[in-house]
Amino acid sequence: MATYPLTIRLLISLSNKECKKFKAYLSSPYFNTVKRLPKVYELIIDEFKEKQKEFNEPDFIEKVYTKSSERTYKSDLSKLKKHFEKFIILQEIEEKEQDFNHLILKDYINRVDGCFFEKKYHKVKNLLEEKPIDHHYYQSIFQIEEHFDTYIKSYKDNRTGDSNLQAISDAIDLDFILKKMCFGVLMLNRTNIAETDYNFGMMSAVLTYLKANQQIDNPLIRLLYYAYEILSGRNEEIMLQNLNEELRRSDKKIPIDMLNILYTILQNNLKRINGVKSKLHKELFKLYEFMLNQKYGQTNGNLPVTFYKNVVSIGLELNKYDYVNELIEKYKDKLMPVELANETYAYNKAKYLIYIDKPEQARDFIQNIKFKDWILKFDLKCIKIMLSYDLKELMLLEALINAFDVSLTPKRSPVKSEPNTIVYKKFISYVKKMNRIYKDPNLGKKDVEKLVLDIEKTYQCSNRNWLLKRLKTLL
């Protein structure tokens with residue numbers, strides 16, 4: 001197979017069922033307007049898939065074309081490759097109904113003023129909710145809109161006397177504040193995880209009103225306010241503590257999907273809020289523990305891989321090793337999506353083993369991990385750097401650090417969110433300095449203490465606890 005051109009290798013990789021479908025695809029004048037391509041494709045399948053003949057370019061050209069034309073032959077192979085890629089994507093959409101529904105809904109939001117969206121949304125809603133809620137921005141918006149309607153209908157004015165006018169006015173205020181706070185949280189979420197810039201309009205006026213009227217008896221508004229302040233970077237520790245307390249008081253009064261949305265947004269921003277202070281780790285851990293106990297964010301007992309990974313990370317920072325190991329093993333067969341389960345388990349097990357000083361065992365777990373997501377790829381690079389340092393493979397360590405450093409440059413990095421980039425850059429910087437102290441006999445206790453102080457004060461840094469523990473061994 002290695003001697004075949006790439007296009008031929010791709011085509012003969014199709015299953016028999018896919019071969020028939022691709023033949024029908026090429027025969028359709030809608031997809032393909034070059035009439036000779038089906039014949040070229042059939043010959044490729046017959047000669048190299050079914051009969052498994054060796055490839056000979058002149059012979060092949062002579063069989064297909066009346067006049068030997070290398071230019072036409074290469075052009076046809078190029079066209080076949082493009083058709084193959086489009087065909088594979090169409091197969092993916094056909095097989096994954098959720099993705100198909102997401103694509104249709106995304107289009108329906110704006111098509112014909114969105115009049116088809118609501119009907120389609122309610123028809124496929126249950127299918128959509130099998131995916132993590134905040135992965136699709138438009139889906140979050142419309143779920144929130146639906147829960148607002150339910151929540152506002154349950155609003156009652158408890159005062160006596162003829163207060164209909166006041167009640168209606170209050171209900172309008174409540175409706176506006178709820179929607180504005182919720183969209184504010186969504187906008188901040190997008191600002192923090194992607195390169196977006198929004199005009200928040202009247203949000204400052206809403207926040208001023210809420211601060212002046214803190215006695216508002218509405219748990220959802222309070223939760224949204226705390227979440228907004230956390231994402232804004234204001235008083236994260238106090239606000240996260242308030243959010244935890246509010247969840248414990250009011251979780252039964254708030255639709256579970258609203259809580260799942262808030263949880264997902266905090267998940268998205270974990271790297272930004274994670275490094276503020278060690279006390280914040282404790283509040284985050286309380287939140288995750290509460291979510292696990294209440295089974296929020298889970299589907300039929302299955303845990304999203306991001307939730308799993310984040311609980312492990314926070315637990316390791318707090319030295320909760322027994323808890324982390326129990327969690328890793330408990331949910332290893334209950335992770336979603338299924339296609340990421342094995343690699344996610346292996347990654348988290350390896351990280352746990354590194355933190356408890358068992359790098360040799362950790363190495364076995366990371367051998368076959370091949371994440372596609374860039375954040376996960378970068379997290380895996382950190383694990384490999386930690387492992388190389390612990391095993392004192394210093395040449396490999398320096399190569400890994402240099403390669404990672406290059407991949408984080410603005411032109412090369414696929415991670416556009418600055419908070420995500422900062423945590424990796426700081427981690428690399430600290431490992432470099434720690435390795436320099438380890439290798440250089442002229443550097444000693446004062447240099448270690450200075451670096452420890454710097455890490456403890458820093459705003460954001462990945463794997464802080466691991467760095468501090470390794471530095472203590474150099475004292």
Side-chain angles (χ1 to χ4, degrees), residues 267 270-275 278 280-282 284-285 288-289 292 303-336 340-393 396-397 400-401 403-404 407-408 415 420 422-428 430-431 434-435 455 460-473:
Q267 287 268 100
L270 181 65
K271 279 192 169 59
R272 200 196 67 77
I273 65 179
N274 188 15
S278 58
L280 198 57
H281 290 155
K282 294 175 184 177
L284 279 169
F285 190 78
Y288 282 128
E289 201 169 25
L292 276 170
L303 202 63
V305 293
T306 49
F307 193 173
Y308 182 75
K309 175 175 171 286
N310 289 342
V311 178
V312 169
S313 293
I314 297 295
L316 292 175
E317 291 301 309
L318 294 172
N319 299 319
K320 293 183 178 288
Y321 300 133
D322 291 340
Y323 180 94
V324 165
N325 191 41
E326 185 180 338
L327 177 93
I328 289 171
E329 296 301 327
K330 180 179 178 180
Y331 287 98
K332 73 175 183 179
D333 298 319
K334 298 178 182 178
L335 295 173
M336 60 180 191
L340 293 178
N342 290 336
E343 289 183 328
T344 302
Y345 166 74
Y347 167 85
N348 285 285
K349 190 70 175 182
K351 187 169 184 178
Y352 161 75
L353 289 167
I354 289 171
Y355 267 73
I356 63 167
D357 301 321
K358 295 184 178 178
E360 290 288 356
Q361 292 182 35
R363 171 178 275 168
D364 295 336
F365 280 92
I366 67 167
Q367 295 298 326
N368 299 315
I369 300 178
K370 295 179 180 178
F371 287 132
K372 293 181 180 178
D373 177 83
W374 280 103
I375 295 290
L376 293 177
K377 280 185 176 181
F378 283 2
D379 287 336
L380 182 60
K381 287 176 186 287
C382 291
I383 290 291
K384 289 180 177 179
I385 286 171
M386 293 157 69
L387 193 59
S388 298
Y389 180 86
D390 283 350
L391 294 172
K392 296 298 176 274
E393 298 174 337
L396 175 60
L397 173 66
L400 290 170
I401 287 174
F404 198 3
S407 66
L408 287 171
V415 180
N420 282 339
I422 288 172
V423 295
Y424 297 122
K425 285 182 176 179
K426 287 198 173 181
F427 172 74
I428 289 172
Y430 291 136
V431 175
M434 184 167 68
N435 189 40
I455 293 172
Q460 287 171 309
C461 177
S462 178
N463 305 297
R464 184 197 306 265
N465 197 20
W466 175 84
L467 285 164
L468 292 174
K469 286 193 171 189
R470 298 305 179 267
L471 280 168
K472 284 177 183 177
T473 65

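Given the structure is predicted, the values throughout are model-derived calculations rather than measurements. In this chain, residues are counted from 1 in sequence order.
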**OP:** Could you give me the CA-CA distance, side-chain angles and deciding distance for I383 and F365, then say whether side-chain contact (heavy atoms from CB on, under 4.5 Å) is met?
**Re:** CA-CA 11 Å; I383 290 291; F365 280 92; over 6 Å; no
Under the rule for ring-ring contact (aromatic ring centres under 6.0 Å, His included), what residues qualify as partners of [X], not counting sequence neighbours?
X    : result
Y323 : F285
Y389 : W466
F404 : F378, Y424

**OP:** With sequence neighbours left out, write down each residue that passes side chain to side chain contact (heavy atoms under 4.5 Å, CB included) with L391, or none if nothing qualifies.
**Re:**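 If we apply the side chain to side chain contact (heavy atoms under 4.5 Å, CB included) test to L391, skipping adjacent residues, the hits are P359, E360, R363, L387, E393.
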Subject >> Which residues share a side chain to side chain contact (heavy atoms under 4.5 Å, CB included) with E326, sequence neighbours left out >> reply: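 None.
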Are side-chain heavy atoms of [X] and [Y] found at a separation under 4.5 Å?
X    : Y    : result
I401 : N435 : no
R470 : D357 : yes
L380 : E343 : no
L292 : L327 : yes
L397 : V431 : yes

Quick one: pull up [atom1] in [X] and [atom2] in [Y] and give me the separation to the nearest 0.5 Å.
X    : Y    : atom1 : atom2 : value
K381 : S407 : NZ    : OG    : 4.5 Å
L471 : T473 : CG    : OG1   : 7.5 Å
K309 : I375 : NZ    : CD1   : 8.0 Å

For [X] and [Y], which heavy atoms make the closest approach, and how far apart are they?
X    : Y    : result
S462 : C382 : OG-SG, 4.3 Å
K384 : L400 : O-CD1, 3.7 Å
K425 : L408 : CE-O, 3.6 Å
S388 : L396 : OG-CD2, 3.5 Å

Subject >> Over 12 non-hydrogen atoms of neighbours within 6.0 angstrom of NZ in K332 >> reply: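 Atom NZ in K332 is packed in, count exceeds 12.
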Original post:
Does a sphere of radius 6.0 Å around NZ in K330 hold more than 12 heavy atoms from other residues, nucleotides or ligands, not counting ones at 6.0 Å or beyond?
Top reply: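 No, because the 6.0 Å sphere around NZ of K330 holds 12 heavy atoms or fewer from other groups.
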Original post:
Counting only N and O atoms by type, is there a donor-acceptor contact under 3.5 Å from the side chain of N348 to the main-chain atoms of T344?
Top reply: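 Checked: pair present.
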**OP:** Look at the side chain of N463 and the backbone N and O of F427, then say whether any donor-acceptor pair between them is shorter than 3.5 Å.
**Re:**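 No, N463 side chain to F427 backbone: no donor-acceptor pair under 3.5 Å.
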Are a donor atom and an acceptor atom from the side chains of [X] and [Y] found within less than 3.5 Å of each other?
X    : Y    : answer
Y321 : N319 : yes
N325 : K349 : yes
Y352 : Q361 : no

Original post:
Pairs in or reaching into residues 366-375: which pass salt bridge (Lys or Arg N to Asp or Glu O under 4.0 Å), with residues at least two apart or in two chains?
Top reply: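 Of all non-adjacent pairs touching residues 366-375, none passes salt bridge (Lys or Arg N to Asp or Glu O under 4.0 Å).
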**OP:** I would like to know whether I328 and Y308 meet side-chain contact (heavy atoms from CB on, under 4.5 Å); could you show each step before the answer?
**Re:** CA-CA 8 Å; I328 289 171; Y308 182 75; 3.2 Å; yes
Original post:
Does a side-chain N-to-carboxylate-O contact under 4.0 Å join D390 and K358?
Top reply: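 Result for this pair is no, no salt bridge flagged.
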Original post:
Are D379 and K351 ion-paired here, with the side-chain N under 4.0 Å from a carboxylate O?
Top reply: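 Answer for the salt bridge query: no.
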**OP:** Apply side-chain contact (heavy atoms from CB on, under 4.5 Å) to E317 and N465, showing your working.
**Re:** CA-CA 5 Å; E317 291 301 309; N465 197 20; 3.3 Å; yes
